Amino acid sequence: MKIQQSGEDYLETILLLNIKNGHVRSIDIANELGYSKPSISRAMGILKKAGYIVMEPNGNIVFTEKGKQKAMEIYERHQVITKYLIKALGVDPVAAEKDACRIEHVISQHSFNRIKALINNSDLP
């Protein structure tokens, strides 16, 4: 099942909040993204149904193996594309972050792999 851009953004946010806080609840996501709690609850229901997360009885949101893998793929895309925009193209870091967030959802795997190879095998500053 292919998830939408918003679902990928939620997965990435859950990953980052988990790294930062060690746990994630719906309210944490709402606060981080500035969305309403009902919007977050609906999105978490979709991610749960798709098999990306589970909701623990205490309210913590935990990745399934599938969800963690997907979140890490999305985050890697974000990091690599941001680095490429900054180092190879000289884009301002703030703009590069924003652009990478949009590009990471639409770039083909082939193009991403080429950018990743360029970044990993170059002497870019």
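Nothing here was measured: the structure is a model prediction, and the numbers come from that model.
- Between Met55 and Val62 there is no side-chain heavy-atom pair separated by less than 4.5 Å.
- The main-chain N or O of Ile107 is never found under 3.5 Å from a side-chain atom of Ser111 such that the two would form a donor-acceptor pair.
- For the pair Arg42/Ile46, a side-chain contact is recorded, criterion being any heavy-atom separation below 4.5 Å from C-beta on.
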Mind running side-chain contact (heavy atoms from CB on, under 4.5 Å) on Ile27 and Lys37 for me, showing each step along the way?
CA-CA 6 Å; Ile27 192 67; Lys37 181 97 167 51; 4.2 Å; yes

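- The closest side-chain donor-acceptor pair between His23 and Asp28, if any, does not fall under 3.5 angstrom.
- Between Ile40 and Ser26, the shortest heavy-atom contact is CG2-O, 3.7 Å.
- The structure places CD1 of Ile103 at 7.5 Å from CD1 of Ile115, a figure rounded to the nearest 0.5 Å.
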Does the pair Thr64 and Ile53 meet the rule for a side-chain contact (heavy atoms from CB on, under 4.5 Å), with working shown?
CA-CA 5 Å; Thr64 62; Ile53 62 166; 5.7 Å; no

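- Contact annotation: the side chain of Arg25 never approaches that of Ile61 to less than 4.5 Å [non-hydrogen atoms, C-beta and beyond].
- When only modelled atom types and interatomic distance are considered, Glu97 and His78 share a side-chain donor-acceptor pair under 3.5 Å.
- Residues Leu15 and Met72 meet the side-chain proximity criterion, which asks for heavy atoms closer than 4.5 Å.
- Hydrophobic cluster of Val106: no remaining members, since no ILVMFWY side chain lies below 4.5 Å from it.
- The two residues Gly7 and Leu47 come nearest to each other via the heavy atoms O-CD2, 4.1 Å.
- Follow the hydrophobic side-chain contacts under 4.5 Å out from Met44 and you reach Leu33 in the same cluster.
- Relative to the six-membered ring of Tyr52, Lys66 meets both conditions, a distance below 6.0 Å and an angle of at most 45° to the axis.
- The nearest pair of heavy atoms linking Leu85 to Ala100 is CD1-N, 4.1 Å.
- Annotation for Val24 and Asn18: closest pair CG2-N, 3.4 Å, computed over non-hydrogen atoms.
- Of all the heavy atoms in Ala43 and Tyr10, the pair that sits closest is CB-CE1, 3.3 Å.
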Does Thr82 form a side-chain contact (heavy atoms from CB on, under 4.5 Å) with Cys101? I'd like the steps, not just the answer.
CA-CA 8 Å; Thr82 300; Cys101 195; over 6 Å; no

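- Two different hydrophobic clusters hold Ile86 and Leu89 under the rule that ILVMFWY side chains link at heavy-atom gaps under 4.5 Å.
- Side-chain atoms of Tyr75 and Leu11, non-hydrogen and from C-beta on, never get closer than 4.5 Å to each other.
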Run Val91 and Tyr84 through side-chain contact (heavy atoms from CB on, under 4.5 Å) and show every step you take.
CA-CA 9 Å; Val91 175; Tyr84 172 74; over 6 Å; no

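- Phe112 is listed as a side-chain neighbour of Glu76, based on a closest heavy-atom distance under 4.5 Å.
- Using a 4.5 Å heavy-atom threshold, the side chains of Gln5 and Glu104 count as separate.
- For the atom pair CD1 of Ile29 and OG of Ser41, the computed distance is 9.5 Å after rounding to the nearest 0.5 Å.
- Side chains of Gln109 and Arg77: a donor on one and an acceptor on the other come within 3.5 Å.
- Here CD1 of Ile119 is found 12.0 Å from CD of Gln79. Values are rounded to the nearest 0.5 Å.
- Looking at Asn60, its side chain never comes within 3.5 Å of a backbone N or O of Glu56 through a donor-acceptor pair.
- A donor-acceptor pair under 3.5 Å is formed between the side chain of Asn121 and the backbone N or O of Ala117.
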